Peer 1: 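Have a look at this one.
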Amino acid sequence: MSPEEKPAAAPRSLAEALRVRDDVSLAALLRSRPDLVTPVPTDLTQLATRAGTRASVVRALERLDRFALQTAEALAVAADPAPYGELLRLMAGDEADPAVTAALPRAVALLREQALLWGADDRLRLVRTARELLAPSPQHPSPTGLGPTVREATAGMSPGRIQEILTTAGLCSTHDSVSAVSALGELFTDRKRMAALLAELPGDSREVLDRLVWGPPYGQVTHDPAAHLRALLDRGLLLPTAPGTVVLPREVALHLRAGRAHRAPEPVPPPVEAAATHRPQVVDATAAGQALAALATVDELLKEWDEGGPTVLRAGGLSVRDLKRTAVALDVSEPVAAFWLELAYAAGLIASDGEADERYAATPAYDEWRELPTGERWARLAAAWLPATRTPGVVGGRDAKDRTLSALGPNLDRSAAPEVRHRVLALLAGLPEGASPGAESVLARLRWERPLRGPQRDRRAPGDDDLRSRLARWTLSEAELLGITGRGALAAPGRALIGAPEPSHPAPDPEGPGDKLPVHHHTPHMPPVPVPAGPAERAAATANAARLLAPLLPEPLDHVLLQADLTAVAPGPLERELAGLLGVLADVESKGGATVYRFTPGSVRRALDAGQTAADLHAFLARRSRTPVPQPLTYLIDDVARRHGRLRVGAASAYVRCDDDATLDEILADKRAAGLGLRRLAPTVLAAQADPAVLLEGLRAIGFAPAAESAAGDVVIARADSRRTPPRTAPEPVPDGPPAPDDTLLTAAIRAVRAGDLAATTPRKPGPGDGEDGAPGGELPRTGAAETLATMQAAVLTGEALWIGYVNAEGAASQRVIAPIRVEGGFVTAYDHTADEVRTYPLHRVTGVAELADDAR
């Protein structure tokens with residue numbers, strides 16, 4: 001057999017197992033465990049060490065699906081190393097469950113890919129840290145419910161007691177405790193002899209075993225156990241671990257379980273089933289209506305805060321009272337109001353103004369956003385929601401210090417939110433078009449993909465959701481509010497937003513909507529659609545979503561319908577200019593498919609305060625109404641305009657002036673004006689102790705229509721949209737650990753790790769402090785300056801590679817394999833195998849040089 005045909009030696013460590021992987025496999029490892037590449041390891045030994053640290057292993061275990069985690073848990077109670085056949089018996093049981101048998105190779109391959117498992121199939125080894133985390137102990141029971149082995153449980157037992165157990169169990173006694181324990185273990189793993197031993201037990205004893213078999217395996221006994229317990233103790237079926245505590249040995253439990261490590265292995269993910277189906281056109285139309293409602297709600301919220309919103313709490317965020325006021329203004333519940341607030345904040349449309357009396361207000365980005373087409377405005381909101389880590393669902397809860405979590409406040413970030421949102425939408429995208437799943441079906445799938453680790457997954461009470469489940473429920477409701485889904489099904493713009501292929505609507509279902517349609521989803525580990533990773537991909541997905549939404553939206557209307565009861569009906573979305581002026585001239589009375597506006601003296605006065613004249617208002621209504629302008633509305637506008645501005649309020653402390661002194665007499669005689677501190681300065685001028693704003697509101701409350709006046713005597717026009725914060729950036733998401741590396745970083749990292757590993761493992765000729773085999777003694781090569789120069793110059797002539805020690809300008813030492821090209825002026829130019837490029841090094845920073853061994857050249 002030639003050297004090329006010799007089989008590769010079995011790896012003796014995780015580092016050696018990683019060393020034989022190809023670049024594609026290493027890239028898959030670093031992509032799935034990004035914490036391993038930050039910072040880039042110097043070689044594969046350091047990569048293996050980092051992959052075995054507790055923090056990294058815990059993170060990797062938490063990202064396994066349920067069956068892969070069950071496989072790791074079974075390996076933790078198997079022999080170390082364990083052959084594949086033993087693992088299969090632990091997972092599939094004596095009956096060799098065919099579903100488990102078929103799924104186990106995938107789980108083993110996944111554990112290998114994640115560097116949690118290494119070794120050939122005849123010597124499977126779980127990394128030590130994972131085994132320590134998952135193996136059973138009295139303080140931390142195994143998730144399998146299994147206890148210690150017979151050897152572990154009898155470690156502190158007296159030899160005499162072991163001999164008594166052997167005799168009662170019908171085994172030959174021996175003076176060697178090790179062989180005695182081995183004989184007992186062999187008895188418990190022999191199916192026939194164990195069946196005969198258990199058949200001798202009374203029924204009460206079997207009931208005790210049945211209670212302990214699936215865990216926890218520990219129980220309490222008195223100093224004088226009952227007869228049925230004594231029968232178990234005498235035969236070693238229960239072994240004492242501490243005074244008053246006994247344990248069911250692992251071998252006995254596995255016999256009673258028919259060889260299975262888990263009560264219910266779950267090799268196949270639960271299917272995501274559709275609770276109802278709708279025609280895709282209906283889904284898209286419903287989602288488009290929700291999208292319009294979302295835009296209207298955000299616009300209404302920002303208009304409420306145009307002249308300055310509520311104050312910022314000292315600890316940050318919105319007070320409970322202000323959240324309630326916002327909910328009332330938007331006519332929604334407080335949790336929904338918190339969602340709209342956080343959405344506008346995530347999109348960069350609102351922020352704090354940073355003043356001494358800090359308040360919330362719209363940002364300059366809001367004015368830019370309003371100018372966008374409707375589809376792009378919606379896509380901007382949806383694109384801000386999808387990756388946001390701020391989670392409005394936790395508003396009203398308590399933080400770690402038992403403080404109330406407030407909207408727009410700190411501590412709302414949940415780093416798992418973006419991943420859960422995308423995964424939920426991806427599961428919806430995997431269903432047939434128009435199919436809406438049941439919430440519990442989605443939650444069951446998510447729990448399989450990312451189960452709670454350890455006993456906590458079994459202690460969860462019904463209805464007591466973990467964070468990922470709550471995030472999934474919030475995702476389903478928020479996606480419906482935002483118009484990403486319609487009637488619970490993913491709409492076409494929502495598919496585009498997550499990068500799913502564009503749907504092609506089939507013919508309508510002749511059976512109609514609402515029929516049950518179970519849908520099975522068979523992608524157990526990878527999401528069905530890719531996540532748009534880079535900025536360019538996300539921008540393209542956002543633009544595509546806006547493009548698909550645009551034809552679903554109705555054209556904005558340029559008219560309203562005026563009615564005789566001083567209301568106007570907008571039968572659909574209005575043009576922005578029309579909606580803006582109508583919103584000043586009238587108050588919104590009801591919203592929905594058609595918006596109803598009501599004209600009041602206060603709303604008309606608001607339009608006059610904004611600089612409009614009565615003639616302007618009459619012309620506007622006549623031009624924009626499809627119905628004749630009702631006479632009561634004309635009278636209302638003329639009446640308010642006739643009285644508007646006759647009184648003038650300005651700043652002294654404040655004053656009121658009016659050409660009609662009779663009007664001033666009327667104000668002075670009104671008892672309701674007593675609190676304003678008015679006194680007459682001249683026949684047409686009153687002075688007040690209140691400031692101008694309070695004076696204006698006070699006179700309007702009495703029934704007058706004063707106008708504010710500037711220092712020059714001109715009427716002050718109250719412009720809308722007058723308050724803006726300085727330019728603000730949207731909040732950055734808080735990542736869940738290191739970001740996933742892109743392809744460029746992966747390629748560079750793998751090249752650096754390979755080169756570093758070459759430098760660390762290439763044998764060289766023995767030098768001072770080295771072993772006889774040429775292995776480094778743990779220090780950098782050390783040679784004198786003359787010897788270093790001579791060796792470098794010789795290598796230039798022969799073209800040989802050298803091993804050097806190098807210390808950079810920061811004082812960091814490293815070992816490198818170089819092929820010198822040129823030596824001159826105190827520098828060596830060489831091809832650096834470690835960096836995979838040509839570099840120039842100062843000779844005074846080279847600590848020494850050594851030739852490579854002949855078999856390494």
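Fair warning: this is a prediction, and the values are worked out from it, not measured in the lab.
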Peer 1: Any idea which heavy atoms bring R724 and P364 closest together, and the distance?
Peer 2: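 In this case the closest contact between R724 and P364 is CD-N, 4.3 Å.
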
Peer 1: Between R33 (side chain only) and A51 (backbone N and O only), is there a donor and an acceptor less than 3.5 Å apart?
Peer 2: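 Pair found, side chain donor or acceptor close to backbone of A51.
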
Peer 1: Tell me which pairs pass salt bridge (charged side-chain N to carboxylate O under 4.0 Å, His left out) where either residue lies in residues 124-133, with sequence neighbours left out.
Peer 2: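 For residues 124-133: D80-R125.
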
Peer 1: Under a 4.5 Å cut-off applied to non-hydrogen side-chain atoms, are T389 and P418 in contact?
Peer 2: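 A side-chain contact exists here, since the closest heavy-atom pair is under 4.5 Å.
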
Peer 1: With a 4.0 Å cut-off, would you call E419 and R450 a salt bridge?
Peer 2: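 Counted as a salt bridge, because a side-chain N and a carboxylate O are separated by less than 4.0 Å.
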
Peer 1: Side-chain contact, heavy-atom cut-off 4.5 Å: I818 with M792?
Peer 2: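 I818 vs M792: side chains touch.
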
Peer 1: Side chains of T783 and T788: is there a donor and an acceptor less than 3.5 Å apart?
Peer 2: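 Their side chains do contain a donor-acceptor pair, which is all the 3.5 Å distance test asks for.
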
Peer 1: Using modelled atom types and a 3.5 Å cut-off, is there a donor and acceptor pairing between side-chain atoms of T391 and backbone atoms of D413?
Peer 2: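 No, the answer is negative, given that no donor and acceptor are paired below the 3.5 Å cut-off.
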
Peer 1: What is the minimum heavy-atom distance between L126 and L134, and which atoms define it?
Peer 2: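 Taking L126 first and L134 second, the nearest heavy atoms are CD2-CD1, 4.4 Å.
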
Peer 1: What I'd like to find out is whether the side chain of L29 reaches to under 4.5 Å of the side chain of L18, using heavy atoms alone.
Peer 2: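 Yes, close enough: below the 4.5 Å cut-off.
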
Peer 1: So which pairs with a foot in residues 741-750 pass side-chain hydrogen bond (donor to acceptor under 3.5 Å, both in side chains), sequence neighbours left out?
Peer 2: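 The answer is R31-D743.
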
Peer 1: OG1 of T363 to CD of E368: how many Å apart, nearest 0.5 Å?
Peer 2: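 T363 OG1 to E368 CD: 8.0 Å, rounded to 0.5 Å.
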
Peer 1: With rounding to the nearest 0.5 angstrom, report the CZ to CD distance, R782 to E787.
Peer 2: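 Going from the CZ atom of R782 to the CD atom of E787 covers 13.5 Å.
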
Peer 1: Could you state the interatomic distance from CD (E371) to OH (Y366), rounded to the nearest 0.5 Å?
Peer 2: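 E371 atom CD to Y366 atom OH measures 10.5 Å (nearest 0.5 Å).
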
Peer 1: Give a yes or no on whether the backbone of G119 and the side-chain of R112 come within a donor-acceptor separation of less than 3.5 Å.
Peer 2: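 Pair found, side chain donor or acceptor close to backbone of G119.
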
Peer 1: Counting N and O atoms only, with roles assigned by atom type, does the side chain of E113 sit under 3.5 Å from a partner on the main chain of S25, one being a donor and the other an acceptor?
Peer 2: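 It does not hold such a pair.
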
Peer 1: For L427 and H422, run side-chain contact (heavy atoms from CB on, under 4.5 Å): C-alpha distance rounded to whole Å, both residues' side-chain angles, the deciding distance at 0.1 Å, then the answer.
Peer 2: CA-CA 9 Å; L427 289 176; H422 195 282; over 6 Å; no

Peer 1: Looking at CD of E376 and CG of L381, how far apart are the two atoms once the value is rounded to the nearest 0.5 Å?
Peer 2: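 One finds 12.5 Å between CD of E376 and CG of L381.
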
Peer 1: Treating R421 as the side-chain partner and P387 as the backbone partner, does any N or O pair qualify as donor plus acceptor under 3.5 Å?
Peer 2: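 Not a single qualifying donor-acceptor pair exists.
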
Peer 1: Provide the closest heavy-atom pair for A382 versus L497 in the form atom of the first, atom of the second, distance.
Peer 2: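 Distance-wise, the nearest heavy atoms are CB-CD2, 3.6 Å.
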
Peer 1: Output all residues satisfying salt bridge (Lys or Arg N to Asp or Glu O under 4.0 Å) with E732, sequence neighbours left out; order by chain, then residue number.
Peer 2: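 Once residues adjacent in sequence are excluded, E732 has no partner under the salt bridge (Lys or Arg N to Asp or Glu O under 4.0 Å) criterion.
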
Peer 1: Calculate, to the nearest 0.5 Å, the distance between atoms CZ and CZ belonging to R54 and R59 respectively.
Peer 2: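 Interatomic distance, R54 CZ to R59 CZ, rounded to 0.5 Å: 15.5 Å.
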
Peer 1: Checking the side chain of R839 only, and the main-chain atoms of D832 only, is there a donor and an acceptor separated by less than 3.5 Å?
Peer 2: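 Side chain of R839 to backbone of D832: no pair is present.
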
Peer 1: Under 4.5 Å between any side-chain heavy atoms of Y84 and P105, yes or no?
Peer 2: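 Yes, side chains in contact.
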
Peer 1: Compare all side-chain heavy atoms of L69 with those of P451 and state whether any distance is below 4.5 angstrom.
Peer 2: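 Yes. Closest side-chain heavy atoms under 4.5 Å.
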
Peer 1: By salt bridge (Lys or Arg N to Asp or Glu O under 4.0 Å), which residues pair with R845, not counting sequence neighbours?
Peer 2: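 Here no residue qualifies.
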
Peer 1: Would you say that L343 contacts E478 through its side chain, given a criterion of any heavy-atom pair below 4.5 Å between the two side chains?
Peer 2: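 Of all side-chain heavy-atom pairs linking E478 with L343, none is under 4.5 Å.
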
Peer 1: Donor-acceptor check, side chain of W378 to backbone of L482, threshold 3.5 angstrom: yes or no?
Peer 2: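 Yes; at least one donor-acceptor contact below 3.5 Å.
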
Peer 1: Quick one: do the T840 and T829 side chains pair a donor with an acceptor below 3.5 Å?
Peer 2: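 Indeed, the side chains of T840 and T829 share at least one donor-acceptor pair under 3.5 Å.
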
Peer 1: Quick check against the 3.5 Å criterion: does W118 have a side-chain atom that pairs as donor or acceptor with the backbone of L124?
Peer 2: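 Checked: no pair found.
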
Peer 1: Rounded to the nearest 0.5 Å, what separates atom CZ in R751 from atom CG in L26?
Peer 2: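 One gets 15.0 Å once the value is rounded to the nearest 0.5 Å.
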
Peer 1: Can you list the residues that meet the salt bridge (Lys or Arg N to Asp or Glu O under 4.0 Å) rule with D35, with sequence neighbours excluded?
Peer 2: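 For D35, no residue satisfies salt bridge (Lys or Arg N to Asp or Glu O under 4.0 Å) once neighbours in sequence are set aside.
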
Peer 1: What are the two closest non-hydrogen atoms of S352 and E358, and how far apart are they?
Peer 2: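 Looking at all heavy atoms of both residues, the shortest contact is OG-OE2, 3.0 Å.
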
Peer 1: Which heavy atom of P410 sits nearest a heavy atom of L405, and at what distance?
Peer 2: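 Looking at all heavy atoms of both residues, the closest pair is O-CD2, 4.1 Å.
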
Peer 1: Is the distance from the ring center of Y841 to that of F827 below 6.0 Å?
Peer 2: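 No - the distance between ring centres of Y841 and F827 does not fall below the 6.0 Å cut-off.
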
Peer 1: I would like to know whether E449 and R445 meet salt bridge (Lys or Arg N to Asp or Glu O under 4.0 Å); could you show each step before the answer?
Peer 2: CA-CA 6 Å; E449 292 179 346; R445 179 57 172 268; 3.2 Å; yes

Peer 1: Can you name the closest pair of heavy atoms from A500 and A429 and give their distance?
Peer 2: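 A500 and A429 have their closest heavy atoms at CB-CB, 4.2 Å.
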
Peer 1: Should Y360 and Y345 be marked as a side-chain contact (heavy atoms from CB on, under 4.5 Å) after you check the CA-CA gap, both sets of side-chain angles, and the distance that decides it?
Peer 2: CA-CA 10 Å; Y360 287 105; Y345 181 58; 5.7 Å; no

Peer 1: Ignoring hydrogens and geometry beyond distance, is a side-chain donor-acceptor pair present between T725 and D353 at under 3.5 Å?
Peer 2: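 Note: T725 and D353 side chains miss the donor-acceptor criterion.
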
Peer 1: Between V40, L746, T38, which is the residue that forms a side-chain contact (heavy atoms from CB on, under 4.5 Å) with P741?
Peer 2: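 Among the candidates, only L746 passes.
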
Peer 1: Could you please spell out the steps behind the side-chain contact (heavy atoms from CB on, under 4.5 Å) verdict for T129 and T53?
Peer 2: CA-CA 7 Å; T129 308; T53 59; over 6 Å; no

Peer 1: Indicate whether the side chain of T475 and that of R423 have a donor and an acceptor atom separated by less than 3.5 Å.
Peer 2: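 Not at all, the side chains of T475 and R423 share no donor-acceptor pair under 3.5 Å.
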
Peer 1: Would you mind reporting whether L116 and L64 have side-chain heavy atoms less than 4.5 Å apart?
Peer 2: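 L64 vs L116: side chains touch.
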
Peer 1: Salt bridge (Lys or Arg N to Asp or Glu O under 4.0 Å) with R414: which residues, sequence neighbours excluded?
Peer 2: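 Checked R414 against salt bridge (Lys or Arg N to Asp or Glu O under 4.0 Å); zero matches.
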
Peer 1: Verify side-chain contact (heavy atoms from CB on, under 4.5 Å) between L36 and S56, making sure each step is shown before the conclusion.
Peer 2: CA-CA 8 Å; L36 301 182; S56 183; 3.5 Å; yes

Peer 1: Would you indicate whether the side-chain heavy atoms of I821 and V828 approach each other to under 4.5 Å?
Peer 2: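 SC-SC contact between V828 and I821 ruled out.
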
